[in-house]
Amino acid sequence: MAVVANGATVRVDSISMNETTRRTAYRWMTLTRTFDETMVAMWKQGRGIGGTFSERGHEAVSVGAGLALGPDDVVAPMHRDLGTYLLRGMAPERIFGNLLGREMGVSAGRDSNLHGLGDLDLNIIGFISHIPQAIPTALGAAMAFRYRDESRVAMTFVGDGGSCSGAFHESLNMAALYNAPFVLIIENNQYAYSTPLSQQMKVADIAGRLPGYGLSAVTVDGNDVEAVYDAAAKAVERARSGGGPSVIEARTMRMLGHAIHDGAEYVPEALLTEWQKRDPVLTFRARLIESGVPEADLAALDEQAAVEIAEAVRVAEAAPMPDPASVGQRVYA
Amino acid sequence: MAVVANGATVRVDSISMNETTRRTAYRWMTLTRTFDETMVAMWKQGRGIGGTFSERGHEAVSVGAGLALGPDDVVAPMHRDLGTYLLRGMAPERIFGNLLGREMGVSAGRDSNLHGLGDLDLNIIGFISHIPQAIPTALGAAMAFRYRDESRVAMTFVGDGGSCSGAFHESLNMAALYNAPFVLIIENNQYAYSTPLSQQMKVADIAGRLPGYGLSAVTVDGNDVEAVYDAAAKAVERARSGGGPSVIEARTMRMLGHAIHDGAEYVPEALLTEWQKRDPVLTFRARLIESGVPEADLAALDEQAAVEIAEAVRVAEAAPMPDPASVGQRVYA
Amino acid sequence: MSDNFGFANTVDRASDDRTLTYLEAITEALFVEMDRDENVLVMGEDVGGEFGGAFKATKGLAAKFGDRRVINTPIAELSFTGMANGMALMGLRPVVEMQFADFISSAFDSIVQFAATSHYRGIGKVPWVIRAPSDGGIRSGPFHSQNPEAWFVHTPGLKVVAPSTPADAKGLLAAAIRDDNPVIYFEAKPLYRSIKGLVPGGGYVSEIGKAAIRRPGSDVTVIAYGTQVHTTLEAAHLVADDGIDVEVLDLRTLKPLDTSAILETATKTGKVIIVHAANRMVGVGAEVAALIAEEAFESLDAPIVRIGGLDTPVPFSPPLEDAYRPTAAKIEAAIRKLADY
Amino acid sequence: MSDNFGFANTVDRASDDRTLTYLEAITEALFVEMDRDENVLVMGEDVGGEFGGAFKATKGLAAKFGDRRVINTPIAELSFTGMANGMALMGLRPVVEMQFADFISSAFDSIVQFAATSHYRGIGKVPWVIRAPSDGGIRSGPFHSQNPEAWFVHTPGLKVVAPSTPADAKGLLAAAIRDDNPVIYFEAKPLYRSIKGLVPGGGYVSEIGKAAIRRPGSDVTVIAYGTQVHTTLEAAHLVADDGIDVEVLDLRTLKPLDTSAILETATKTGKVIIVHAANRMVGVGAEVAALIAEEAFESLDAPIVRIGGLDTPVPFSPPLEDAYRPTAAKIEAAIRKLADY
Ligand SMILES: Cc1ncc(C[n+]2csc(CCOP(=O)(O)OP(=O)(O)O)c2C)c(N)n1
Ligand SMILES: Cc1ncc(C[n+]2csc(CCOP(=O)(O)OP(=O)(O)O)c2C)c(N)n1
Ligand SMILES: [Mg+2]
Ligand SMILES: [Mg+2]
């Protein structure tokens, strides 16, 4: 597997997906894509409440990285990591319930859209809007594992935008200093809202800066689920075996607007056309077929996803809103 | 002049001090040292109010960097950059007045010790305690110069400790992005209060990380005033001519405690003994004599410093405290 | 809402008054002030280019004034606000947009430690404005609905304004930009497109530190600001039929408070309710209540009532958010109770 | 100060009570709680090793519990507090030291956005404690003298305590550590070595949310916390000779407030003064005054008076700082005036 470390392409030992894992990856990617498309359609139809974020184009990152974790590992995904939530076992109807402010939603109507999807029973730390708070939080989880000598790893995600913020630096410095079992995935999707990379940083090689902290840092093709998985699995293994923290910069593209209301007119058409050819779900699907997986198997997974998501929407839409009298509950533990 | 850029020693065009500048540098260094020794003695005698910070060991940094600026340039020194304040024309009695809470002190009794020594007429932005606030502030000054197309440069300072904080990263990223006429001096004195470098970062080469931002970054001997001046003068020239921001990591040693009350028992004796041999004032004095400057000239400067500082203390100690009725004044412009 | 929110009572209508939305009034203030003073610039996330900000308040500015004066920043609130501090010390007048008021906490040190203290400490003047799109009720959840003004009203050295009308949206923004101190300008997102009003053309300023009576009345006073001025006017309207005559005072500026206007209305009616969407506990309403309880005690005919957000994060789900926020119905009930006291 | 600050009135003296300074009581709580629960750890700048923190509150902990449980951090308040959030979610109980309370603003997002909201949003419990050495009067200037509690009392989801006695310094720190929520513990620097008092040995807890009468009285109530409890007791002593009988209520916990204790004393005396060193404007005193003005209105015999820090940064110079802060003389004057009302 070719990865780019500190600016130069190097070869590293590959942790390749086996046949089962590849099928599993496809299952979660198609489920994620289906969820996302359904959600976007619902919001366009006025069936949503508030805003929401599409993760279209990020499926290889959220699924590839998420699959690299063991069940006891903790993950703190961000607003475009729907795939990670799903593959960790968060039921789609609970997420739709959250989007629709339902009592049965993950946050019981307290938090909105893809924020607040936290469930420690699933070892998921929910997202907080303030960027990039997830980094120090997940690092703290890693520090807890180190403190208790547990063989667990904490992973989190940040955008290109979030990488410009102070906690990114503070936390990566401490992650290296404390040799924490910590993995950070930088989801470099070339935009922070309307702001392109060129208006965020002078040198657009984020991972390239990080070896200077004493961290392992690589750049991978964020549209290739196998590449992301490979890098993430190695990083997780390194962290678990005491080798310390790693950062993986996954280069990808945000294929829709920042949030549901955003038409993203500021993104050059050509850029989208080019990246559309590299669609992570479609390219992976084609690769699987090429490698001998029967298309019917994949179609069955697509069909299953459609059924699951339709049912999840039905359940969530039918579910009751929280009782207004409960508004003051849950503030304190 | 040999500087270490990005880990490797490289030769760069030297901007050497001429004879006059060297004598000027010595004048400010001996004045700074005298001020500092007098202050420390006063506080030990119980003639101080509140705490204060010694800059012993940092004279080459504050003087070397400060001398590289032109009169219209702006500087935001930190708590150990007494030399910079002095050479920009801040009268010693005004600084003692500040230390002693006097009305005639720089902040008119509002701010304490070496904080709040601001005087925009001298193009000095006063220090704020919250580390490293000086960095974005000075960067803002640089941005103002760029905005108005002025040929001015803004310089500021940060410690090894402050380099671990978020604003360091945010600001350097933006400095590079906006190509600001900005110079940052990292005063790496190996400790942040009681915390040695090894407990602050895994890789103790701060400057080494910065070229990845698109910044020029070098490391110099912070006890060699000529080396600091050379690097700073080149950085200022680069900034002034549109070449963008630079960072200079000056390696030095804090020779006394963090603040006046701190005995610094946590610093290994051997480290201090070794650095004592490299005392920036004494080594520079010896070098000047070796290069043919008559010792009598230097002794005259020492003597002049002693007289000036004694007079400054006298004036400040005799000066009245602020009127308590004025406490609510100056909150708003 | 009657009579242009009382605006017609206090300002001469210039011949070029136009009816603008609250949001249009904000944008107009930016155009006018940038035109008037080359030192005024706009910065923040996504404010530049064609895009013009998450709420489009800065749309068109880059086209007219160029990228030099309309600066897109990375996500780095602490340091771009810190940069504004340095720019302001050098004589510029940056208008910093927080994408949402909620993210102002990320810039906290640069505001409450540096900007707020710098003049007092002799560092220099820091004439910036932070525009903070605040308030909820629009189903935006705990991180896009906050009203964090109390933190800043508590902090010495800042000024804080919170317009409730298009005229003030323009006038207070212009005043904030011309003020030599750091001013936080809380603009109410729910009002952006929901209200329109007459706005004077040209360089128009609403004085900082002056409250305004939006509805004169004699029985009960309700003191509010921002969106809640409108909720209150609605409640006042609902009780008017029953002969309860409510005076509505719009604070407009939260720091410095217009203490004489507050004490005057409290003395007049003797019954006071204070309403804001921010958390009631140690909110601005507490200060107003305490002020009245100390300085107008003898005139009081009833307990001082506060209606505010609950002591919870702002919940997302509609029934929860409605339970959380002041509503016209809640204000109405409080007015009736107090009128009967 | 009489009777061990009223402590003897409320707690049984165990046989191993000792007289400790306020600072020793803090350190003792850390020793006891770390001993009791392996999940308790200490982190912050300079807290580790031989050094034991800027004020030596953590001295000896590293020697006893090792570097693993006493962690020196770089200067990165935002992220080391954020790290504490993550640790706490995983079941640890980090006790984070801010070197001075003034620097808590650097960690603001991690506190008011993440920790404060996480349980409500279903993320999980965040059982940390932030120890914040606060208060001035000791010539430390604007950045080492702050009392920033109001920001946090306003913020939903936090708890805030502020002990005034050695017994509470220990008992409230222990309670904060055992609490399942984020608790900010404001310790008063001026009290560190200036007061001593009996402190129960072993695992002793002062209940969070309970105020204490430090001096019963019938004429005027003064409500205070932290250092100002002592300034108030001094003032009460000064007026006692003139037959003015002052009741002194020590809040101890600022969030949640002990509203019944506040209303009880207000109802009893009908005359209330609230004192704190933090800026008066939108301070905790404003909340207490507003609470009384709403809920004990009928019992009031006089205006509610607040004495607080002025609306300026904390000035350094002694005459300025004395003018800025509440002093016994200022409190005394207010008591006399109110007694005569
Ligand atoms: C501190 C902070 N400032 C501003 C925002 C508003 N905001 C939400 S997402 C976003 C852009 C994030 O860009 P990036 O980190 O690249 O992630 P992406 O959305 O591209 O996945 C912004 C500015 C925020 N959430 N937090
Ligand atoms: C945000 C913040 N946290 C803590 C402090 C307290 N403090 C003052 S100086 C200092 C150490 C600074 O170390 P460094 O940056 O290396 O500068 P040096 O004192 O060594 O020159 C600390 C922790 C502070 N001023 N600001
Ligand atoms: Mg992005
Ligand atoms: Mg240092």
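As the structure is a prediction and not an experimental result, all values here were calculated from the model. Residue numbers start from 1 in every chain, and the chains themselves are labelled A, B, ... in the order their sequence lines are given, proteins ahead of strands.
- Proximity to chain D is absent for every atom of C/Ile292, based on heavy atoms less than 4.5 angstrom apart.
- Note on D/Ala302, D/Gly285, D/Gly141, D/Ala116: by heavy-atom pairs under 4.5 Å with chain C, the leading option is D/Ala302.
- For C/Ile104, no part lies under 4.5 angstrom from a heavy atom of chain D.
- Neither the backbone nor the side chain of C/Glu295 comes within less than 4.5 Å of any heavy atom of chain D.
- Considering only heavy-atom pairs separated by less than 4.5 Å from chain C, the leading option among D/Ala296, D/Gly157, D/Gly283 is D/Gly283.
- A perpendicular orientation is assigned to the rings of C/His154 and D/Trp151, their planes being inclined by more than 60° (bins at 30° and 60°).
- Proximity to chain D is limited to the side chain of C/Val112, based on heavy atoms less than 4.5 angstrom apart.
- At a 4.5 Å heavy-atom cutoff, the contact between C/Arg280 and chain D is made by backbone and side-chain atoms alike.
- Between the side chain of D/Gln146 and the backbone N or O of D/Pro142 there is at least one donor-acceptor pair closer than 3.5 Å.
- Interface residue D/Val305: backbone and side-chain heavy atoms are both found under 4.5 Å from chain C.
- With a threshold of 4.5 angstrom between heavy atoms, D/Leu254 approaches chain C through N, CA, C or O but not through any side-chain atom.
- Among the candidates C/Val183, C/Ile111, C/Asn181, the single residue satisfying the side chain to side chain contact (heavy atoms under 4.5 Å, CB included) test with C/Trp128 is C/Ile111.
- In terms of heavy-atom pairs under 4.5 Å with chain C, the best-connected choice from D/Leu310, D/Leu78, D/Val288, D/Thr155 is D/Thr155.
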Worksheet item: Run the ring-ring contact (aromatic ring centres under 6.0 Å, His included) check on C/Phe152 and C/Phe108 step by step: do they pass?
Response: CA-CA 10 Å; C/Phe152 304 103; C/Phe108 211 56; 5.5 Å; yes
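- With hydrogens and angles disregarded, no donor-acceptor distance shorter than 3.5 Å links the side chain of C/Lys159 to the backbone of C/Gly209.
- Only the side chain of D/Phe143 comes within contact range of chain C, with heavy atoms under 4.5 Å apart.
- Interface summary for chain D: among C/Ala290, C/Ala289, C/Ala150, C/Pro313, the most heavy-atom pairs under 4.5 angstrom belong to C/Pro313.
- When all heavy atoms of C/Met98 and C/Ala107 are compared, the pair lying nearest together is CE-CB, 3.8 Å.
- Contact of the C/Ser134 side chain with the C/Lys189 side chain is not registered, since no non-hydrogen atoms from C-beta on lie closer than 4.5 Å.
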Item to complete: Could you please spell out the steps behind the ring-ring contact (aromatic ring centres under 6.0 Å, His included) verdict for C/Phe103 and C/His144?
Response: CA-CA 9 Å; C/Phe103 303 122; C/His144 295 73; 5.6 Å; yes
